[in-house]
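Starting from 1, each residue takes its place in the sequence as its number.
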Amino acid sequence: MLDQMTLFPVADDVLFAPGGRVVIRTYGVASVGEEPRAVSYRTWVTGLREQPRYWRWGHFEDARHGHRKVLEWLTGRGPQPGVIAA
């Protein structure tokens, strides 16, 4: 499946917490071979005690801003971002 997708990196961050390492990755995803290619943006957070979480964004700028909001939430400087996917 991944061989049929193109990933476009937007931002990557790693936080070190007492419970371990938390990785935050934001990237765009597009299917190979479709014209025009629709890109969907996602932010994945792994390393939390709960299940991995992810957010979906509609556009590149939303993804950049959303990535910063997720970092603020994880470091205690802001509320949890509202556009979350299960």
Side-chain angles (χ1 to χ4, degrees):
M1 180 85 167
L2 280 177
D3 60 338
Q4 298 172 357
M5 300 169 75
T6 302
L7 300 178
F8 303 99
V10 175
D12 286 323
D13 284 289
V14 177
L15 300 175
F16 294 98
R21 186 174 80 156
V22 177
V23 178
I24 306 99
R25 278 202 175 101
T26 300
Y27 54 88
V29 179
S31 296
V32 173
E34 290 182 12
E35 288 298 330
R37 287 199 261 180
V39 179
S40 61
Y41 295 91
R42 295 186 178 108
T43 298
W44 279 91
V45 177
T46 57
L48 296 175
R49 289 185 185 160
E50 302 92 40
Q51 304 172 19
R53 297 174 177 245
Y54 75 97
W55 287 258
R56 292 183 187 181
W57 315 106
H59 304 284
F60 177 80
E61 288 301 322
D62 295 338
R64 283 178 17 122
H65 181 71
H67 184 91
R68 284 192 303 270
K69 293 302 241 178
V70 170
L71 277 174
E72 290 173 3
W73 168 60
L74 290 171
T75 57
R77 293 180 289 167
Q80 180 176 357
V83 184
I84 189 168

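The salt bridge (charged side-chain N to carboxylate O under 4.0 Å, His left out) analysis of residues 12-22, with sequence neighbours excluded, yields the pairs D12-R25.
For the atom pair E72 CD and H67 NE2, the distance stands at 11.0 Å (nearest 0.5 Å). Between the OG1 atom of T75 and the CG atom of L15 there is a distance of 7.0 Å, given to the nearest 0.5 Å.
Contact detail for G28 and V10: the closest heavy-atom pair is N-CG2, 4.2 Å. Here the closest heavy-atom approach between residue V22 and residue G47 is recorded as CG2-O, 4.0 Å.
In this structure, V29 and L7 have side chains that are in contact, with non-hydrogen atoms separated by less than 4.5 Å. Under the 4.5 Å side-chain criterion, counting only non-hydrogen atoms from C-beta, Y41 is not in contact with F8. In this structure the side chain of R64 never reaches within 4.5 angstrom of the side chain of T26, judged on heavy atoms.
Residue W73 is not grouped with residue V23 when hydrophobic side chains (ILVMFWY) are merged at heavy-atom distances under 4.5 angstrom, including chains of intermediate members.
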